[in-house]
Amino acid sequence: MDSSVIGLIVIAVVVVAIIMLYNGIIGKHNAVDRAWASVLTQERQKNKIIPMVEQLVEQYKLHESEVLTKVTELRSAIAEMSSGVDTAKLAAAEQRTQDLMQGLKVTVEAYPELKASDVYMKLMAEISEQQEQIGAAIRIFNANVEDFNNAIEMFPGSLINSMLVRKQKIASFSDSEAQAGFEYKPNL
């Protein structure tokens, strides 16, 4: 082999290495972009689901309160009848009983149990699940940021980035409220 062939092979290897590094930086940047889109998607989902669940809980609470009020009124009407038989009071109490029973029948069909505490527990579980999903998306985003930043800051990627790609370092996601809970802060 003569020196020109060796020179061409070396140049070809260098060109292939530059292309691979260039493509690697672009791919890692795109992975960061996709990971951030996932974080935003999770936050959007949480912002759409939680208000609807809260509204349902509030409606359920109001309904349960109305049923309790009707039961209390019926008990009072029955207690008033203990002093003597009054057919008008008896008829009114009977009508209230029928109304309450009809309402409870519809309620039982629509709501299996009258327990707002269960609904609140489910709301809390939903909020917790949404927060866990957002946390997972943020961890994935930060991992992609680290991978990208390593690609553009470490040699030989830093050389290719400064000459061809010119991408800037991306900051990891951070939360100032969460950071306020720690006395320790790393020297970064």
Side-chain angles (χ1 to χ4, degrees), residues 1-62 110-113 115-188:
M1 268 197 210
D2 68 8
S3 62
S4 63
V5 173
I6 294 175
L8 287 175
I9 292 173
V10 168
I11 290 173
V13 168
V14 169
V15 168
V16 168
I18 289 172
I19 290 171
M20 289 176 60
L21 289 168
Y22 179 88
N23 289 341
I25 290 171
I26 297 297
K28 289 173 190 331
H29 186 267
N30 291 341
V32 169
D33 188 41
R34 182 199 61 216
W36 183 244
S38 294
V39 170
L40 295 178
T41 300
Q42 288 298 328
E43 184 67 19
R44 178 183 173 274
Q45 181 178 346
K46 180 190 84 169
N47 290 340
K48 288 188 173 274
I49 288 175
I50 299 303
M52 291 188 311
V53 173
E54 287 173 336
Q55 182 181 16
L56 177 64
V57 167
E58 198 57 40
Q59 290 172 353
Y60 196 85
K61 182 176 126 184
L62 179 64
Y111 304 100
E113 291 183 46
K115 291 187 178 179
S117 62
D118 290 343
V119 178
Y120 286 116
M121 294 301 286
K122 288 178 182 173
L123 171 63
M124 291 306 297
E126 179 65 28
I127 291 170
S128 176
E129 175 66 24
Q130 291 298 321
Q131 287 302 109
E132 286 178 24
Q133 294 292 331
I134 292 168
I138 289 170
R139 283 188 291 278
I140 291 168
F141 170 76
N142 283 341
N144 283 315
V145 166
E146 176 188 11
D147 199 25
F148 170 75
N149 287 342
N150 287 342
I152 65 169
E153 292 179 329
M154 292 180 168
F155 186 81
S158 62
L159 184 65
I160 300 302
N161 185 54
S162 66
M163 291 189 322
L164 301 173
V165 187
R166 296 196 172 110
K167 295 288 184 186
Q168 298 296 314
K169 181 178 177 179
I170 298 173
S172 297
F173 178 85
S174 65
D175 184 340
S176 59
E177 185 179 328
Q179 287 178 353
F182 290 96
E183 290 180 25
Y184 172 78
K185 292 192 171 116
N187 298 352
L188 296 177

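Note that the numbering runs from 1 along the sequence shown for the chain.
- Sorted by first then second residue, the ring pair (Phe, Tyr, Trp, His ring centres under 6.0 Å) pairs that include residues 142-161, not counting sequence neighbours, are His29-Phe148.
- The minimum heavy-atom distance linking Ala35 with Asn144 is given by the pair CB-ND2, 3.2 Å.
- In this structure, the separation between CG on Asp147 and CG on Asn142 is 12.5 Å, given to the nearest 0.5 Å.
- A distance of 8.5 Å separates CD1 in Ile26 from CG in Asn161, rounded to the nearest 0.5 Å.
- Of the inter-residue distances, the one linking Ser4 atom OG with Ile9 atom CD1 reads 9.5 Å to the nearest 0.5 angstrom.
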TODO: In sequence, state the C-alpha distance, the side-chain angles, and the governing distance for Glu146 and Asn150, and then conclude on side-chain contact (heavy atoms from CB on, under 4.5 Å).
DONE: CA-CA 6 Å; Glu146 176 188 11; Asn150 287 342; 3.8 Å; yes
TODO: Let me see the working for Ile25 and Leu164 under side-chain contact (heavy atoms from CB on, under 4.5 Å), right down to the final yes or no.
DONE: CA-CA 10 Å; Ile25 290 171; Leu164 301 173; over 6 Å; no
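- Judged as a side-chain hydrogen bond (donor to acceptor under 3.5 Å, both in side chains), and not counting sequence neighbours, Ser3 has no contacts.
- Nearest approach of Phe173 to Phe141, heavy atoms of both residues: N-CE2, 3.8 Å.
- Closest of all the heavy-atom pairs between Lys167 and Ile152 is O-CD1, 3.7 Å.
- A donor-acceptor contact shorter than 3.5 Å is absent between the side chain of Asn149 and the backbone of Lys169.
- With a 4.5 Å cut-off on side-chain heavy atoms, Ser38 and Ile140 do not count as touching.
- Across every non-hydrogen atom of Ser172 and Val145, the tightest pair is OG-CG1, 3.7 Å.
- The minimum heavy-atom distance between Tyr22 and Val165, with the atom names listed, is CD1-CG2, 3.1 Å.
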